[in-house]
Amino acid sequence: MDRNHQRRPRKSILDSLGEELIGILTPVSICMFTVVLLVCLLNSDPSSSSSSSFSSIATAAYSESDSDSDSPWEDKLLGAFLNSLVFVAAITAATFLLVLLFYLRCVAFLKLYMAFSAFVVLANLGGEISVLLIDRFRFPIDSVTFSILLLNFSVVGVFAVFMSRFSILITQGYLVVIGVLVAYFFTMLPEWTTWVLLVALAVYDLAAVLLPVGPLRLLVEMAISRDEDIPALVYEARPVVRNDSPLVQRRVWREQRSSQSDDVENNVVRVEEEEQQERSEEISVPLIDSSSSSSRRSPESSEAFLEGIGLGSSGAIKLGLGDFIFYSVLVGRAAMYDLMTVYACYLAIIAGLGVTLMLLSVYQKALPALPVSILLGVVFYFLTRLFLEVFVVQCSSNLVMF
């Protein structure tokens with residue numbers, strides 16, 4: 001065994017960084033592309049009901065309308081700030097309530113509530129967008145068939161998200177669909193409210209994950225101390241399944257081998273932290289390589305094992321569905337102006353995720369995934385809209401090519 005360790009050099013973090021990036025960038029890109037496509041299809045007609053703003057808690061303090069161009073920008077900014085403050089306060093209260101219920105071990109109630117929420121999103125929002133698409137493309141279908149298909153789609157989605165017996169691809173697909181549905185309706189928010197809300201949520205994510213009294217940090221630490229899963233919508237690029245045993249179950253993507261002599265047919269491999277280096281050919285190197293000393297730490301030392309919110313640090317990259325949603329809201333709002341801003345915002349979000357992964361490998365603890373990407377996306381949007389577009393238009397009008 002010692003000879004094997006001497007022959008095979010230990011892989012570094014950078015060796016698997018590309019694989020880790022692809023595993024999380026692919027669903028994020030699919031979600032953003034789908035939202036941009038829906039915005040371009042359904043918001044192209046100004047008379048369509050999908051292009052009208054809708055009332056929600058994000059517009060409770062100030063009712064901004066796109067036709068209200070006579071109002072000074074100071075009033076719009078103040079109203080957008082008040083809307084964002086109310087929305088973030090509601091999210092904070094709901095998250096602390098989730099922490100309290102999880103502390104009281106009301107896990108069954110939380111799972112039922114999350115399942116009901118997923119069903120409402122798939123049935124209500126999914127049905128509304130489906131009706132808009134059917135009307136847009138004049139697709140012939142009767143109401144009975146549509147209702148049956150929508151009910152089956154919603155029920156299967158709930159079971160796929162909250163039951164581990166389904167294929168992981170189906171579960172991941174339904175999570176992306178839920179993110180697309182919610183993100184599209186968030187793009188109907190007024191423009192000023194949308195941009196201020198994105199910045200406010202990035203600040204909230206930073207505080208909720210990193211502060212010692214942050215609700216997301218408290219929730220994750222409590223889940224780790226109990227060795228339980230958090231009842232939340234979290235996308236896992238490489239899922240981690242926990243049980244009551246001290247071993248860790250990791251569902252891995254194995255390479256297809258021509259030899260069928262391997263009698264292990266499932267994709268769940270139980271490994272201890274000391275044995276991860278010995279099975280490097282079966283399990284890809286995690287983003288954070290845990291040393292043998294870290295495996296002896298107790299579950300309460302959550303600084304090295306904090307995961308589940310943002311980008312996890314114990315081998316499985318976990319990205320909250322809220323990150324999917326607000327990335328897509330940013331590019332969806334950019335699509336309402338011009339496709340050039342969509343390209344700039346998309347590249348900024350991808351660059352922000354890459355920066356977050358690099359910071360994760362340096363600090364070796366969970367980091368929020370919203371702040372860097374949202375900051376870069378907002379900055380790139382306004383830079384593109386105010387400077388790059390003017391420059392490109394002037395070059396095109398004067399037939400200047402590069």
Does any non-hydrogen side-chain atom of Leu189 lie less than 4.5 Å from one of Leu197?
yes
Taking all non-hydrogen atoms of both residues into account, name the closest pair between Met222 and Tyr103 and its distance.
SD-CA, 3.4 Å
Atom OG1 in Thr187, atom CG in Leu330: separation rounded to 0.5 Å?
11.5 Å
Would Arg385 and Phe380 count as a cation-pi pair here, with the cationic atom under 6.0 angstrom from the ring centre and within 45° of the axis?
no
Closest non-hydrogen atoms of Ile350 and Met32, given as atom of the first, atom of the second and distance, are CD1-CE, 4.3 Å
ring-ring contact (aromatic ring centres under 6.0 Å, His included) assessment of Phe324 paired with Tyr235
CA-CA 9 Å; Phe324 280 77; Tyr235 183 94; 5.3 Å; yes
Contact summary for Cys31 and Ser328, nearest pair of heavy atoms:
SG-OG, 3.1 Å
Can you tell me how far the CE atom of Met114 sits from the CZ atom of Phe119, to the nearest 0.5 Å?
15.5 Å
Above 12 or not: heavy atoms from other molecules or residues under 6.0 Å from CZ of Phe81?
no
Neighbour count above 12 (heavy atom, 6.0 Å) for Tyr113 OH
no
Check whether more than 12 heavy atoms from other residues, nucleotides or ligands sit under 6.0 Å from atom CZ of Phe382, and answer yes or no.
yes
For Val213 and Leu218, which heavy atoms make the closest approach, and how far apart are they?
O-CD1, 3.8 Å
Measuring from atom NZ of Lys111 to atom SG of Cys106, what distance do you get when rounded to the nearest 0.5 angstrom?
13.0 Å
Under 3.5 Å, is there a donor on one side chain and an acceptor on the other for Thr341 and Tyr346?
no
Distance in Å, Tyr184 OH paired with Ile325 CD1, rounded so as to fall on 0.5 Å steps
15.5 Å
Regarding Tyr343 and Asp338, do their side chains bring together a donor and an acceptor under 3.5 Å, going by distance alone?
no
Distance, nearest 0.5 Å, that separates CG of Leu353 from CG of Leu370:
9.5 Å
If you take all heavy atoms of Pro368 and Asp205, which pair is closest and at what distance?
CB-OD2, 3.2 Å
Could you check whether any side-chain heavy atom of Leu112 comes within less than 4.5 Å of a side-chain heavy atom of Phe116, counting everything from C-beta outward?
no
Report the C-alpha distance between Phe153 and Tyr174 in whole Å, list the side-chain angles of each, state the deciding distance to 0.1 Å, and finish with yes or no for ring-ring contact (aromatic ring centres under 6.0 Å, His included).
CA-CA 10 Å; Phe153 175 78; Tyr174 268 102; 5.2 Å; yes
Are Val39 and Met336 packed together at the side-chain level, in the sense that at least one heavy-atom pair is separated by less than 4.5 angstrom?
yes
